[in-house]
Amino acid sequence: MADGHLTAKRQEIALLRRLEERILWLAAWTIHNANHLRESRDGLKVGGHQASCASMTTLMTALYMKALRPQDRVAVKPHASPVFHAIQHLFGRQSLDNLKRFRALGGAQSYPSRTKDVDDVDFSTGSVGLGVAMTAFASLTQDYLAARGSVKPEKMGRMISLLGDAELDEGNIYEALIEACKHDIRNTWWIVDYNRQSLDATTQDRMFTRYGEIFEAAGWTVETLKWSKRQREAFAKPGGEALHDWIETAPNDLFAALSYQGGAAWRERLNADLANSPKSLALIASYKDVDLAELMTELGGHCLETLLEAFEKAGQDDRPRFFIAYTVKGLRLPFQGHKDNHAGLMTPSQIAELRERLGVVEGEEWDPLSGLSAAERTALKGLVARAPFAAEVERQHVAPNIPTPTADELLSAVVGGKNDNERSTQAAFGKVMFEIAARKDEFAGRVVTTSPDVTVSTNLGGFVNRRGVFQRRAHEDVFKRRRIPSAQVWSKAETGQHVELGIAENNLFIALAALGLTAPLFGERLFPVGTLYDPFIARGLDALNYACYQDARFLLVATPSGLTLAPEGGAHQSINAPVIGMAQPGLDTYEPAFADETVVLMAHAFERIQATDGCSTYLRLSTRVLQQPERTGDAWRQGVIDGAYWLKAPAPGARLALVYSGALAPEALAAFEALAEDMPEAGLLAVTSADVLHRDWTASGRARWTGEGAKTSTIETLLAPLDRDAGLVTLTDGSPLALSWLGSVRGQRVRALGLEVFGQSGDLPDLYGKYRLDADAILDACADLLA
């Protein structure tokens with residue numbers, strides 16, 4: 001029976017090797033077709049990274065055909081996208097037409113995309129390093145859901161990242177590693193394609209020891225997969241130990257160069273370096289050139305036996321693992337090992353040679369099983385069908401909608417209390433979150449908050465006091481036990497609903513990405529709320545873009561805004577944040593001035609999180625305490641959501657309007673009152689979202705150009721009462737660019753006030769005066785327009 005089991009295992013390995021060759025072929029041919037055969041209408045190189053695909057093919061074959069379970073999730077190395085699409089095609093999840101249109105409109109994407117690809121993409125990748133961090137926070141998110149019974153123990157998946165060793169230069173990976181260590185994450189595998197080449201050159205020697213030390217120090221199990229079964233067998237022969245030592249100490253660039261030059265070059269160099277070892281020379285002489293080249297380059301990451309044994313062993317527990325899988329970049333392709341091979345493409349003659357070598361019939365290149373016998377085709381189809389990951393189970397879920405609180409329900413938190421006539425938007429946010437924490441409904445139980453060590457200073461402390469901090473292992477509040485007074489009473493247990501992060505904005509946005517994708521990934525809706533200081537949104541901008549690109553849904557609250565954070569100085573005063581918000585797809589950016597506006601927008605943001613056509617929301621808030629306006633009716637609420645409303649409506653034909661956004665409302669009001677005696681017809685426009693307004697305006701313009709029907713935008717309607725030659729003075733605590741475009745709506749003249757240089761420490765009167773954001777500056781701008 002043992003012999004029979006061994007024979008069956010050998011047969012399976014042989015079939016997997018054959019399948020792995022055909023996956024390599026289909027990936028290479030997909031790229032070749034896009035660059036050499038498909039019509040080029042613009043003359044641009046399409047690209048596709050054939051060398052990077054070749055170094056990942058064995059790893060991905062072992063994973064997808066044997067090791068992965070349906071509940072596992074994978075972030076695929078960006079440059080191995082064609083391999084991923086080829087495997088998905090074998091599973092019947094990617095069409096041949098999409099492969100033929102690789103990197104073309106509507107076809108398989110250059111890098112795996114949740115929102116643009118039709119096959120089974122778990123995590124978008126492309127900006128290197130971010131997909132790696134994503135798996136750590138996806139694991140943390142899975143633990144969060146498991147603690148609530150939403151993910152059963154038997155359904156816990158591994159969160160796996162396939163990454164290139166050059167990605168390990170990305171700092172966000174180590175920020176995520178530190179956070180993963182703090183949260184004691186599990187069920188996470190990071191598998192490094194250690195080909196020791198980057199885009200430009202070979203990488204530094206011996207770095208694998210440093211990587212191993214770093215991950216071991218963080219509590220991960222490190223598995224170095226350097227040697228193939230073929231190599232281990234050779235090392236066991238007489239003279240093999242010296243051959244092992246030579247490879248072990250060979251510089252990366254030398255190993256790469258010899259890999260490119262082939263068997264004769266290997267023989268020449270080994271014979272020279274091992275001249276004092278007759279047994280080693282005899283061992284080398286026993287191999288033909290082609291076999292010697294295969295022996296030297298078939299490293300652990302290209303050996304199915306080595307990989308499958310490692311993955312099977314790792315699957316027996318839930319410890320986080322860091323695999324260093326040695327590979328040769330471009331293995332089996334004509335430019336294997338060449339330092340310039342990153343963007344290399346095979347020529348038509350080279351792809352023809354590969355086709356012949358792999359036994360693919362000319363004219364049948366799109367058939368991955370071309371040239372195989374009927375028995376082989378049947379066996380390989382059976383192998384694919386039996387892969388655990390091929391099981392027909394739901395992997396992309398649709399979560400049921402959860403009733404969210406209305407604005408009226410939340411307004412009670414900020415209206416009717418003591419001193420409710422004077423309040424900042426940041427304080428209003430905190431009050432609403434405190435009110436949500438007191439609720440007993442399902443929505444409140446699905447709110448999860450997170451912040452990079454600024455939880456208290458962004459007014460989330462009250463929510464955390466009531467709902468606690470999430471931690472897999474309960475931790476006693478020593479200050480509470482020892483009766484030391486503290487405003488923060490933070491219980492730490494699995495039931496907590498706040499994920500506390502260290503000071504790393506990249507981690508905040510990756511965490512929001514993971515928490516904001518629980519609906520499609522796990523079938524469970526969460527309502528993530530993340531807070532940070534507004535000026536530091538730029539530090540995590542790549543990760544924020546990454547989160548939005550995947551259509552993750554969350555509420556982002558950035559505070560305090562702009563120069564209004566006066567005493568903190570220029571390093572803490574945001575300038576370009578409003579423009580960042582306007583330019584970010586998948587994110588509605590709002591800057592309310594008043595508490596009730598903030599409440600309306602929070603209720604709207606929670607609705608948008610689970611709307612079919614929804615997105616995430618960014619609120620730019622302030623610590624500045626403002627006198628609250630007296631409201632008549634509810635019409636202003638829709639204006640807040642649509643982006644603007646008249647706080648003081650203009651008379652028909654008015655020649656001037658003041659336009660403000662956010663915390664500078666008092667200056668706008670003061671200037672408006674000063675104008676009232678001379679220009680009572682002027683208007684005062686409150687802009688809550690330059691982003692929503694601008695997008696609506698451009699969309700209405702496109703609709704007219706493309707014949708989709710006439711549509712009048714919100715801002716066109718709002719500005720219509722003004723005279724065609726009216727002037728607009730815009731005011732925002734940030735880049736004036738955010739509102740200066742308003743002059744294009746009806747061709748009206750604009751004087752845009754805002755912050756264009758770095759601020760400094762001071763009080764509000766001094767700073768507003770110096771940077772021309774005060775009422776006097778507004779009046780000067782008005783005079784200039786009316787002159």
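For the single chain, residues carry numbers from 1 onward in sequence order.
Just one residue in the list Thr623, Asp733, Asp534 forms a side chain to side chain donor-acceptor pair (under 3.5 Å) with Thr564, and that residue is Asp733. Just one of Val729, Thr730, Leu685 meets the side-chain contact (heavy atoms from CB on, under 4.5 Å) condition when paired with Leu739; it is Thr730. With Met134 as the partner, the side-chain contact (heavy atoms from CB on, under 4.5 Å) test is satisfied by one option alone out of Ile510, Thr141, Thr125: Ile510.
In this structure, the side chain of Thr458 does not engage the main chain of Thr531 through any donor-acceptor pair within 3.5 Å. Gln638 places no side-chain N or O within 3.5 Å of a backbone atom of Ala635 that could act as its donor or acceptor partner. Put simply, the side chain of Thr717 gets close to the backbone of Ser713: a donor and an acceptor are under 3.5 Å apart. Ser424 places no side-chain N or O within donor-acceptor distance of the main-chain N or O of Arg624, the cut-off being under 3.5 Å. Checking side-chain atoms of Arg704 against main-chain N and O of Lys711 turns up a donor-acceptor pair under 3.5 Å. Panel note: side chain Thr406, backbone Glu409; a donor-acceptor pair is recorded below 3.5 Å. Listed for the Ser661 side chain is no donor-acceptor partner under 3.5 Å among the backbone atoms of Thr732. Ser491 places no side-chain N or O within 3.5 Å of a backbone atom of Gly468 that could act as its donor or acceptor partner. One N or O on the side chain of Gln497 and one on the backbone of Ala444 form a donor-acceptor pair closer than 3.5 Å. Listed for the Glu667 side chain is no donor-acceptor partner under 3.5 Å among the backbone atoms of Leu773.
The shortest non-hydrogen separation linking Thr714 to Asp696 is N-OD2, 2.6 Å. Gly769 and Asp774 make their closest contact through CA-OD2, 3.4 Å (heavy atoms, listed as atom of the first residue, atom of the second, distance). Taking both residues in full, the closest heavy atoms of Leu460 and Thr450 are given as CD1-O, 4.3 Å, listed atom of the first, atom of the second, then distance. Of all the heavy atoms in His694 and Met582, the pair that sits closest is CB-CE, 3.9 Å. Minimum heavy-atom separation, Ala593 to Leu626: O-CD1, 3.2 Å. In plain terms, the two heavy atoms of Gly129 and Ile173 that are nearest each other are O-CG1, 3.9 Å.
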Full working for salt bridge (charged side-chain N to carboxylate O under 4.0 Å, His left out) between Arg539 and Glu175: CA-CA 13 Å; Arg539 293 182 65 174; Glu175 291 180 349; 5.8 Å; no
Asn507 and Phe137: CA distance, side-chain angles, deciding distance, side chain to side chain contact (heavy atoms under 4.5 Å, CB included) verdict: CA-CA 8 Å; Asn507 283 344; Phe137 286 100; 3.5 Å; yes
Steps toward side chain to side chain contact (heavy atoms under 4.5 Å, CB included) verdict (Val599, Asp596): CA-CA 5 Å; Val599 176; Asp596 54 4; 5.5 Å; no
Derivation and outcome, side chain to side chain contact (heavy atoms under 4.5 Å, CB included), residues Gln584 and Tyr618: CA-CA 10 Å; Gln584 179 59 59; Tyr618 161 28; over 6 Å; no
Thr617 and His604: CA distance, side-chain angles, deciding distance, side-chain hydrogen bond (donor to acceptor under 3.5 Å, both in side chains) verdict: CA-CA 9 Å; Thr617 302; His604 178 63; over 6 Å; no
Check against side-chain hydrogen bond (donor to acceptor under 3.5 Å, both in side chains), Ser622 and Gln426: CA-CA 5 Å; Ser622 170; Gln426 178 177 304; over 6 Å; no
Chi angles and distances behind the salt bridge (charged side-chain N to carboxylate O under 4.0 Å, His left out) call for Arg608, Asp588: CA-CA 9 Å; Arg608 295 285 281 163; Asp588 286 346; 3.2 Å; yes
Check against side chain to side chain contact (heavy atoms under 4.5 Å, CB included), Ser561 and Glu591: CA-CA 9 Å; Ser561 61; Glu591 188 169 354; 4.1 Å; yes
Chi angles and distances behind the side-chain hydrogen bond (donor to acceptor under 3.5 Å, both in side chains) call for Ser113, Tyr549: CA-CA 8 Å; Ser113 170; Tyr549 180 66; 3.2 Å; yes
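Between Arg446 and Glu524 there is a salt bridge, with a side-chain nitrogen of the basic residue lying less than 4.0 Å from a carboxylate oxygen of the acidic one. Using a cut-off of 4.0 Å between Lys/Arg side-chain N and Asp/Glu carboxylate O, Glu607 and Arg553 are scored as not salt-bridged. Salt-bridge formation is detected for the pair Arg631/Glu597: a Lys NZ or Arg NE/NH1/NH2 atom is positioned less than 4.0 Å from an Asp or Glu carboxylate oxygen. Taking 4.0 Å as the cut-off between side-chain N and carboxylate O, Arg655 and Asp723 do not count as a salt-bridged pair. Taking a cutoff of 4.0 Å between a charged side-chain nitrogen and a carboxylate oxygen, Asp408 and Arg637 qualify as a salt bridge. Here Asp780 pairs with Arg772 in a salt bridge; the nearest charged N to carboxylate O distance falls below 4.0 Å.
Asp453 has its side chain out of reach of Leu501: every pair of non-hydrogen atoms, C-beta onward, lies at least 4.5 Å apart. Side-chain contact between Val454 and Tyr533: present, with at least one pair of heavy atoms (C-beta onward) separated by less than 4.5 Å. Contact check for Phe594 versus Pro629: side-chain heavy atoms found under the 4.5 Å cut-off. Looking at Pro578 and Arg620, their side chains come closer than 4.5 Å, going by heavy atoms from C-beta outward. Side chains of Leu728 and Arg749 form no contact here, defined as non-hydrogen atoms less than 4.5 Å apart. Leu587 has its side chain within reach of Leu544: a pair of non-hydrogen atoms, C-beta onward, lies under 4.5 Å apart. Between Leu565 and Thr559 there is no side-chain heavy-atom pair separated by less than 4.5 Å. Residues Arg114 and Asp551 have side chains not in contact (no heavy-atom distance under 4.5 Å, counting atoms from C-beta outward).
Counting non-hydrogen atoms of neighbouring residues, nucleotides and ligands closer than 6.0 angstrom, the CZ atom of Arg746 exceeds 12 such neighbours. Lys770 NZ: 12 or fewer foreign heavy atoms inside a 6.0 Å radius.
Taken to the nearest 0.5 Å, the CZ atom of Phe429 stands 6.5 Å off from the CG atom of Leu555. Here the OG1-CD1 distance, from Thr698 to Ile715, works out to 12.5 Å after rounding to the nearest 0.5 Å.
A donor-acceptor pair shorter than 3.5 Å can be found between the side chains of Asp542 and Ser127. Under 3.5 Å, the side chains of Glu435 and Ser412 contain no donor-acceptor pair of N or O atoms.
Aromatic pair Trp636/Trp646: ring centres not closer than 6.0 Å. Ring centroid separation for the pair Phe470 and His183 does not come in under the 6.0 Å cut-off. Taking the six-membered ring for Trp and the full ring otherwise, Phe527 and Phe443 have centroids separated by under 6.0 Å.
Taking the ring centre of Phe434 as origin, the terminal cationic atom of Arg466 falls inside the region bounded by 6.0 Å and 45° from the ring axis.
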